[in-house]
Number of protein chains: 2
Amino acid sequence: MDVTEPVFEHRAECAKVSRVLSRIGDKWSVLVIMLLRRQPQRFNELKRGIGNISQRMLTLTLRNLERDGLVSRTVTPSIPPRVDYALTQLGHSLAEPVQALGAWAFDHLDLIDAAQTRYDASADR
Amino acid sequence: MDVTEPVFEHRAECAKVSRVLSRIGDKWSVLVIMLLRRQPQRFNELKRGIGNISQRMLTLTLRNLERDGLVSRTVTPSIPPRVDYALTQLGHSLAEPVQALGAWAFDHLDLIDAAQTRYDASADR
DNA sequence: CCGTATCCGGGCCGATACTG
DNA sequence: CAGTATCGGCCCGGATACGG
């Protein structure tokens, strides 16, 4: 990155934090984390729990979460095979602020909807 | 959305929450919110503060935040024109859990980096 | 200074088919 | 059951040019 020192010196940290946050915001990760928060689950349990995610995206999401050390993957080589996913300790510690943010979102859904409606109405046509 | 009732009844809420969270995770919104948290700022102040954002994306980001009722936009029709952006009350209330998440990200950056390195190393080749 | 309009390349993501 | 492989659309987002 050619970040040419914009204004504050803590830019580099911001960039890193931003990278972490973009993982959280990638549409599926949060849902997976919330589902795993209650208990470990198998691949297709997660798939059904989320409902409209494609197999491909669930795989990718889980791989990324595993790579970040947030989710553990344990394979039981039986027939048929069994794979369990669970939050790591790191994953659980992340789940807390995520939960807080989710709670905020939930609490303010109607305010946001109202604001959007208002905005769209005033932006006539 | 054709969500065909997957497992739990609170799916609809999850979808809405997810929509809100995806706004937060869209790469720039969080940075804008953090910058506006300290004080209102003008367009190019924000641009310089972020450093590598394109004019287009800053505009879009601010429009979305304004649409959600998180940011206010006040125009002073002078020459040259002046536009100030500030967090609304709703925006400030969002800034808190976002800040918490940012703090978590910051605190665990090294753990995540380490996990990634470990993962990439074990995924040989 | 603060935007909007247009072009366009890359990557995200769903659909589908195939393996162990 | 739990994936990998491949293809293709489409949207995100940067670059550039222009207007109030």
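Below, read A as the first sequence line, B as the second, and so on, with proteins coming before strands; counting in each chain starts at 1. In this text the structure is predicted, and so the values were computed from the model without any measurement.
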query: Nearest of C:dC2, C:dG3, D:dT4 to any side-chain atom of B:Arg63?
result: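 The answer is C:dG3.
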Among C:dC1, D:dA2, C:dG3, the nucleotide that comes nearest once only the side chain of B:Asn44 is considered: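 When the side chain of B:Asn44 is considered, C:dC1 is the closest of C:dC1, D:dA2, C:dG3.
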Nearest-angstrom distance from the residue atom [atom1] of [X] to [atom2] of [N]:
{"X": "B:Lys47", "N": "C:dG3", "atom1": "NZ", "atom2": "P", "result": "12 Å"}
{"X": "A:Ile50", "N": "C:dG14", "atom1": "CD1", "atom2": "C1'", "result": "15 Å"}
{"X": "A:Leu62", "N": "D:dG3", "atom1": "CG", "atom2": "C1'", "result": "11 Å"}
{"X": "B:Glu45", "N": "C:dC1", "atom1": "CD", "atom2": "P", "result": "11 Å"}
{"X": "A:Gln41", "N": "D:dC1", "atom1": "CD", "atom2": "P", "result": "14 Å"}

message: Using the rule given for side-chain contact (heavy atoms from CB on, under 4.5 Å), can you reason through A:Leu87 versus A:Leu94, listing the C-alpha separation, both sets of side-chain angles and the distance that settles it, and then say yes or no?
response: CA-CA 10 Å; A:Leu87 287 186; A:Leu94 170 60; over 6 Å; no
Compare all side-chain heavy atoms of [X] with those of [Y] and state whether any distance is below 4.5 angstrom.
{"X": "B:Asn52", "Y": "B:Ile50", "answer": "yes"}
{"X": "A:Leu31", "Y": "A:Ile53", "answer": "no"}
{"X": "B:Ser29", "Y": "B:Ile24", "answer": "no"}

message: Return the OH to CG distance between A:Tyr119 and B:Asn64, rounded to the nearest 0.5 Å.
response: 8.0 Å
- request: Measure from the side-chain N and O atoms of A:Thr88 to the backbone N and O of A:Ser72, and report whether any donor-acceptor pair falls under 3.5 Å.
  value: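 Side chain of A:Thr88 to backbone of A:Ser72, a donor-acceptor pair under 3.5 Å: no, none is there.
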message: Check whether A:Thr74 reaches the backbone of A:Asp84 with its side chain - one donor and one acceptor, N or O, closer than 3.5 Å.
response: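 At least one qualifying donor-acceptor pair exists.
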query: Within the pair B:Arg82 and C:dC2, is there a side-chain N or O less than 4.0 Å away from OP1 or OP2?
result: no
query: Does OP1 or OP2 of D:dC1 have a side-chain N or O of A:Tyr85 closer than 4.0 Å?
result: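 Answer no for this pair, as no side-chain N or O of A:Tyr85 is under 4.0 Å from OP1 or OP2.
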message: Test side-chain contact (heavy atoms from CB on, under 4.5 Å) on A:Lys47 and A:Gln41; report intermediate values, then the result.
response: CA-CA 10 Å; A:Lys47 188 156 168 16; A:Gln41 296 201 36; over 6 Å; no
message: Tell me which residues in residues 73-81 of chain B lie within less than 4.0 Å of DNA chain D, going by non-hydrogen atoms.
response: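 Going residue by residue through residues 73-81 of chain B, the ones with a heavy atom under 4.0 Å of DNA chain D turn out to be B:Pro81.
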task: Quick one, give me the B/S/- string for nucleotides 10-18 of chain D, reading 5' to 3', where B means a protein heavy atom under 4.0 Å from the base and S means that only happens at the primed atoms, P, OP1 or OP2.
output: ---BBB---
- prompt: Can you list every salt bridge (Lys or Arg N to Asp or Glu O under 4.0 Å) pair that touches residues 59-75 of chain B, not counting sequence neighbours?
  reply: A:Asp120-B:Arg67, B:Arg23-B:Asp68
